[in-house]
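The first residue of the sequence shown is numbered 1, and numbering continues consecutively from there. Note that the coordinates shown come from a computational prediction; the quantities given were computed from them, not determined experimentally.
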Amino acid sequence: MKFGIVFFPTVGPTDKSGRQYFDEALRLVDLAEELGFDHVKMVEHYFFPYGGYSPDPVTFLAAAAGRTKRVRLGTSATIPAFQHPVKLAGKLAMLDNISGGRVDAAFGRAFLPDEFKAFGIPIDESKDRFLEGVEAIKRLWSEEDVVFEGRFHRFGPVTLLPRPVQEPHPPVFVTTARSAESCAEAGRAGHHLQSVPNVMSTEELQNRLAVYRAEWADSGRTPGTERIHFSYPCVVAEDGETARSKGRHDDDRNTAAIRDAVAAWADTRSDAYPGYENLVKATQSSHFDSKLEQKKLLIGSPEQVRAQLEQIGEWFGDDITISLGVHSGHLPFEVAATTMRLMAERVIPKLKEGRA
């Protein structure tokens, strides 16, 4: 397993200012570089405490690039539907140059009706806009004199500047929350996979991974070269009960944030998002103890979290990469820093010893 950190702020001005949150997050980026973590990532969302402090992950990652030399920089994920592909391709190519070729580009469809409404984009178009946007961006990165004739965007001939450092382009990840077909499409297209185990059962996720890995191999790619990233909220403390107390508070606040963000699904229906009308009910029945028991959270003492990760490795494979959600903003900076140090010094080395 590899490990990095992912930032998904779920705070607003009444909790913590944006200035304070990003000051703390960038200090944690410094710590990730120091401790040898694989990557740092930032989400894209709007308007709500649920991720709304980060409307542009590229801006944050550019700041992170300027204070690091090694750690990879990932979007988690950026939304093609909300930007022109020429603009988004250019921003990510520029970040790849600033960072010396350290960008991992993850793209997602978005799923909050209020975000689509604000951009004036029909939510039913989300999948088609996503597929078209990713295709256009990859072509802009890897070709010259691009002429693109899509349903939503037409341009060219244009040659993007600057060209990405990584050839033919930065690694492309597809973020999927629930859709088995999205996993299959990602495997066929040769895209890497990013997901959140919290939104489905272990069995459902195992089935989706099997489909993804089969499609990757059936498309002529070498098995094992695919990259799979999972995100888990994480709180580690010397004492397991202390970690659980802090983790419970953080999870309760995170659940409240997503409950408010998905409220529009109570009276929204879309064929592009089957079953999403149940999200409101799902957030109301979300309970910390159940999620911890199902290994959907990484919370406890170093020994307890190591055992949780060993089980996750048995379920999904030791080749996955874990993105640790260490700082949603509801716990002090010091709690996140302690989590990262204990992971780097007491958890990850012991996992490696166990596999030796």
### Task
Could you go through the side-chain contact (heavy atoms from CB on, under 4.5 Å) check for Gln206 and Phe316 one step at a time?
CA-CA 6 Å; Gln206 287 173 324; Phe316 308 125; 3.7 Å; yes

### Query
What do the steps show when you test Arg244 against Glu241 for salt bridge (charged side-chain N to carboxylate O under 4.0 Å, His left out), and what is the final call?
CA-CA 5 Å; Arg244 286 189 291 276; Glu241 189 54 45; 3.0 Å; yes

### Task
List the steps and the verdict of side-chain contact (heavy atoms from CB on, under 4.5 Å) for Trp216 and Thr225.
CA-CA 9 Å; Trp216 178 279; Thr225 57; 3.2 Å; yes

### Message
Evaluate Glu143 against Lys138 for salt bridge (charged side-chain N to carboxylate O under 4.0 Å, His left out), listing each step before the verdict.
### Response
CA-CA 8 Å; Glu143 301 175 20; Lys138 288 172 64 178; over 6 Å; no

### Task
Could you walk me through whether Gln308 and Gln304 pass the side-chain hydrogen bond (donor to acceptor under 3.5 Å, both in side chains) test, one step at a time?
CA-CA 6 Å; Gln308 293 162 7; Gln304 290 167 335; 5.8 Å; no

### Task
Apply the test side-chain contact (heavy atoms from CB on, under 4.5 Å) to residues Arg221 and Glu226: give CA-CA distance (whole Å), side-chain angles for both, the deciding distance (0.1 Å), then the verdict.
CA-CA 8 Å; Arg221 298 174 180 88; Glu226 70 275 17; over 6 Å; no

### Task
Just do the salt bridge (charged side-chain N to carboxylate O under 4.0 Å, His left out) check on Glu185 and Lys127 with the steps written out, would you?
CA-CA 12 Å; Glu185 290 173 352; Lys127 182 176 180 179; 3.0 Å; yes

### Task
Please test Thr255 against Phe288 for side-chain contact (heavy atoms from CB on, under 4.5 Å), starting from the C-alpha separation and ending with a verdict.
CA-CA 9 Å; Thr255 300; Phe288 173 81; over 6 Å; no

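For the pair Lys16 and Leu331, the tightest heavy-atom approach, listed with the atom from each and the gap, is NZ-O, 4.0 Å. Leu61 and Leu73 make their closest contact through O-CD1, 3.9 Å (heavy atoms, listed as atom of the first residue, atom of the second, distance). Listed here is the closest heavy atom pair of Glu33 and Val71: OE1-N, 3.0 Å. Closest approach of Ser76 to Val6, counting heavy atoms only: OG-CG2, 3.7 Å. Across all their heavy atoms, Asp114 and Phe47 have their closest contact at O-CE1, 4.4 Å. Minimum interatomic distance between Thr283 and Arg259 (heavy atoms only, all atoms of both residues): O-NH2, 3.1 Å.
Among the candidates His229, His39, His191, the single residue satisfying the ring pair (Phe, Tyr, Trp, His ring centres under 6.0 Å) test with Phe173 is His229. Each of Asp319, Asp104, Thr321 was scored for a side chain to side chain donor-acceptor pair (under 3.5 Å) with Arg227, with one residue passing: Asp104.
A donor-acceptor contact shorter than 3.5 Å is absent between the side chain of Asp252 and the backbone of His249. Although no hydrogens or angles enter the test, the distance criterion places a donor-acceptor pair under 3.5 Å between the side chain of Gln294 and the main chain of Ser290. Side-chain atoms of Ser54 come within 3.5 Å of backbone atoms of Val43 as a donor-acceptor pair (strictly under, hydrogens ignored). A distance-only check finds no donor-acceptor pair linking the side chain of Asp250 to the backbone of Lys246 [under 3.5 Å]. Between the side chain of Lys296 and the backbone N or O of Met200 there is at least one donor-acceptor pair closer than 3.5 Å. Side-chain atoms of Glu132 come within 3.5 Å of backbone atoms of Arg151 as a donor-acceptor pair (strictly under, hydrogens ignored). Remark: side-chain polar atoms of Asp96 are not paired, donor with acceptor, to backbone N or O of Leu92 under 3.5 angstrom. In this structure, Asn97 contributes its side chain and Arg163 its backbone to a donor-acceptor pair below 3.5 Å.
Between Phe155 and His84, the ring planes lie tilted relative to each other; the angle falls in the 30° to 60° range. Ring pair Trp265/Tyr276 is tilted by interplanar angle, where 30° to 60° counts as tilted. In this structure, Phe230 and Tyr232 have perpendicular ring planes: the angle between them is above 60°, well past the 30° mark. Relative ring orientation between His45 and Phe8 is described as tilted, the plane-to-plane angle lying within the 30° to 60° band.
With salt bridges taken as basic N to acidic carboxylate O contacts below 4.0 Å, one links Arg248 and Asp289. Of the charged side-chain nitrogens involved, at least one lies within less than 4.0 Å of a carboxylate oxygen, so that Glu238 and Arg346 count as a salt-bridged pair.
When side chains are defined from C-beta on, Val326 does not count as touching Met343, because their heavy atoms never get closer than 4.5 Å. Using a 4.5 Å cut-off on side-chain heavy atoms (C-beta onward), Val29 and Phe7 make contact. Side chains of Ile348 and Phe37 form a contact here, defined as non-hydrogen atoms less than 4.5 Å apart. In this structure the side chain of Ser195 never reaches within 4.5 angstrom of the side chain of Arg208, judged on heavy atoms. With a 4.5 Å cut-off on side-chain heavy atoms, Pro85 and Glu135 do not count as touching. Asp56 is listed as a side-chain neighbour of Lys91, based on a closest heavy-atom distance under 4.5 Å. Looking at heavy atoms from C-beta onward, Arg341 lies in side-chain contact with Leu31 at the 4.5 angstrom threshold. Residues Ile137 and Phe107 are in side-chain contact: their nearest non-hydrogen atoms beyond the backbone lie under 4.5 Å apart.
No more than 12 heavy atoms of other residues, nucleotides or ligands shown are found within 6.0 angstrom of CD on Glu167. Heavy-atom contacts from other residues, nucleotides or ligands closer than 6.0 Å to NZ of Lys291 number more than 12. Shown here is Asp267, whose CG atom has more than 12 heavy atoms of other residues, nucleotides or ligands within 6.0 Å. Environment of CZ in Arg19: sparse, with no more than 12 heavy atoms of neighbouring residues, nucleotides or ligands closer than 6.0 Å.
In this structure, Arg109 is not positioned above the aromatic face of Phe130 in the sense of NZ or CZ being under 6.0 Å from the six-membered ring centre and within 45° of the axis. In this structure, Arg27 is positioned above the aromatic face of Phe333, its NZ or CZ under 6.0 Å from the six-membered ring centre and within 45° of the axis.
Shown here are the ring-ring contact (aromatic ring centres under 6.0 Å, His included) partners of His169, two or more places apart in sequence or in another chain: Trp141. In terms of the ring-ring contact (aromatic ring centres under 6.0 Å, His included) criterion, residue partners of Phe82 (sequence neighbours excluded) are, by chain and number, Tyr46, Phe116, Phe119. Applying the ring-ring contact (aromatic ring centres under 6.0 Å, His included) test to His330 and every residue at least two apart in sequence or in another chain returns nothing.
For Tyr273 and Ser126, the side-chain atoms include at least one donor-acceptor pair closer than 3.5 Å.
Between the CG atom in Asp251 and the NE2 atom in His287 there is a gap of 11.0 Å [rounded to 0.5 Å].
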